[in-house]
Amino acid sequence: PAVDVVGRDYVLQHLPDHLANLHRLGRLTDGDVRAVQAAFDRAIDYPDTTHGGTAMLSWKRLSERMPDRFSGELLAARAETIALSDASDTLTRITAFQIAADFGRKSVAAAARRVLDRPGSIGLQMSAAAALGKVGDVGDRARLTALAQGTRDPYLRTAAQSALARLGP
């Protein structure tokens, strides 16, 4: 079973390259696109694995390479919904914050602030801090500064410092 989990994640990770080759050769069909989109949707909904995050990252790559076939806007909306929900799977939510912020979804800033205001997953806090660096505002400087100076975790400290640098003065 562990191999299946790794194998599925590997397939999701490498789908964009395979599909780009099919597209380049003129052999990518609408059925292929529908099947891959369905696989991404299932992976995003699969809890307690890295599948959701890997699927969103692959979908993002495809939306950049083939925006006529894979909607970045649909991905951004899906990521935003996941990032906004405290009930979302943590592993998937980590990536959802980044995807939503990359697409400029400012609504995730409030959810990122909530994540940073209470103890929890360091990975989720790192992602929330990074999202604030992209879609936060000047008012987030104090929260991020306190985090950078107050955390004992070096990775979270670095994430907060990077977010501060992105926010600017």
Side-chain angles (χ1 to χ4, degrees), residues 1-116 120-136 155-156 158-159 162-163 166:
V3 173
D4 290 338
V5 171
V6 172
R8 280 187 224 120
D9 213 53
Y10 183 85
V11 168
L12 289 166
Q13 180 183 355
H14 292 282
L15 268 173
D17 293 332
H18 178 67
L19 293 175
N21 285 334
L22 287 176
H23 184 64
R24 183 179 48 79
L25 296 170
R27 300 177 80 190
L28 182 65
T29 68
D30 290 342
D32 295 332
V33 172
R34 284 190 301 274
V36 169
Q37 191 63 64
F40 286 162
D41 288 337
R42 281 191 306 276
I44 290 168
D45 292 336
Y46 197 84
D48 300 323
T49 70
T50 57
H51 294 356
T54 302
M56 283 190 283
L57 291 170
S58 290
W59 184 350
K60 183 173 187 254
R61 285 177 53 209
L62 286 167
S63 74
E64 293 163 350
R65 289 179 174 180
M66 294 178 266
D68 57 318
R69 305 302 284 273
F70 293 91
S71 170
E73 187 55 35
L74 186 61
L75 169 61
R78 186 87 191 268
E80 180 179 31
T81 298
I82 293 165
L84 290 174
S85 173
D86 293 339
S88 293
D89 178 71
T90 299
L91 292 173
T92 303
R93 196 174 182 208
I94 288 169
T95 303
F97 267 116
Q98 294 311 297
I99 298 288
D102 284 349
F103 279 95
R105 297 295 179 117
K106 292 191 175 289
S107 64
V108 301
R113 291 178 192 113
R114 283 194 316 271
V115 166
L116 293 178
S121 161
I122 294 294
L124 186 58
Q125 289 180 320
M126 289 170 58
S127 187
L132 280 182
K134 294 175 187 175
V135 296
Y155 300 110
L156 184 53
T158 300
S162 295
R166 261 189 241 109

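Values reported hereafter were calculated over all heavy atoms of this structure, with side chains retained and with hydrogens, waters and symmetry mates removed. We count residues from 1, following the sequence as given.
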Evaluate the side-chain proximity of L75 to F103: yes if any heavy-atom separation is below 4.5 Å, no if none is. yes
M66 side chain reached by L28 side chain, heavy atoms, under 4.5 Å: yes
Might you point out which heavy atoms bring [X] and [Y] nearest each other, and give the distance in Å?
X: I82; Y: A96; value: CG2-CB, 3.6 Å
X: L12; Y: A55; value: CD2-CB, 4.3 Å
X: Q98; Y: A131; value: NE2-N, 3.7 Å
X: A129; Y: A163; value: O-CB, 3.1 Å
X: A83; Y: A111; value: O-CB, 3.6 Å
X: A101; Y: V108; value: N-CG2, 4.5 Å

For [X], enumerate each residue passing the salt bridge (Lys or Arg N to Asp or Glu O under 4.0 Å) test, keeping only those at least two apart in sequence or located in another chain.
X: R105; value: E73, E80
X: D32; value: none
X: D86; value: R93, R114, R118
X: R113; value: D137, D140

Measuring from [X]:[atom1] to [Y]:[atom2], what's the distance to the nearest 0.5 Å?
X: S127; Y: L132; atom1: OG; atom2: CG; answer: 10.0 Å
X: I44; Y: M56; atom1: CD1; atom2: CE; answer: 5.5 Å
X: I94; Y: S88; atom1: CD1; atom2: OG; answer: 11.5 Å
X: D89; Y: T49; atom1: CG; atom2: OG1; answer: 7.0 Å
X: S162; Y: M126; atom1: OG; atom2: CE; answer: 9.0 Å

Run the side chain to side chain donor-acceptor pair (under 3.5 Å) test against [X] and tell me which residues pass, sequence neighbours left out.
X: R69; answer: D30
X: R24; answer: N21
X: E64; answer: K60
X: D48; answer: none

Quick one: salt bridge (charged side-chain N to carboxylate O under 4.0 Å, His left out) pairs with a partner in residues 12-22, sequence neighbours left out? D17-R61, D17-R65
Do you see a donor-acceptor pair shorter than 3.5 Å between the side chains of T54 and Q13? no
In a check of side-chain hydrogen bond (donor to acceptor under 3.5 Å, both in side chains) between T50 and each of T95, D9, T92, which one passes? D9
Those residues that, when tested against Y10, pass ring pair (Phe, Tyr, Trp, His ring centres under 6.0 Å) (two or more places apart): H14
Which residues share a ring pair (Phe, Tyr, Trp, His ring centres under 6.0 Å) with Y46, sequence neighbours left out: H51
The side chain to side chain contact (heavy atoms under 4.5 Å, CB included) partners of L74 (sequence neighbours excluded) come to W59, S71
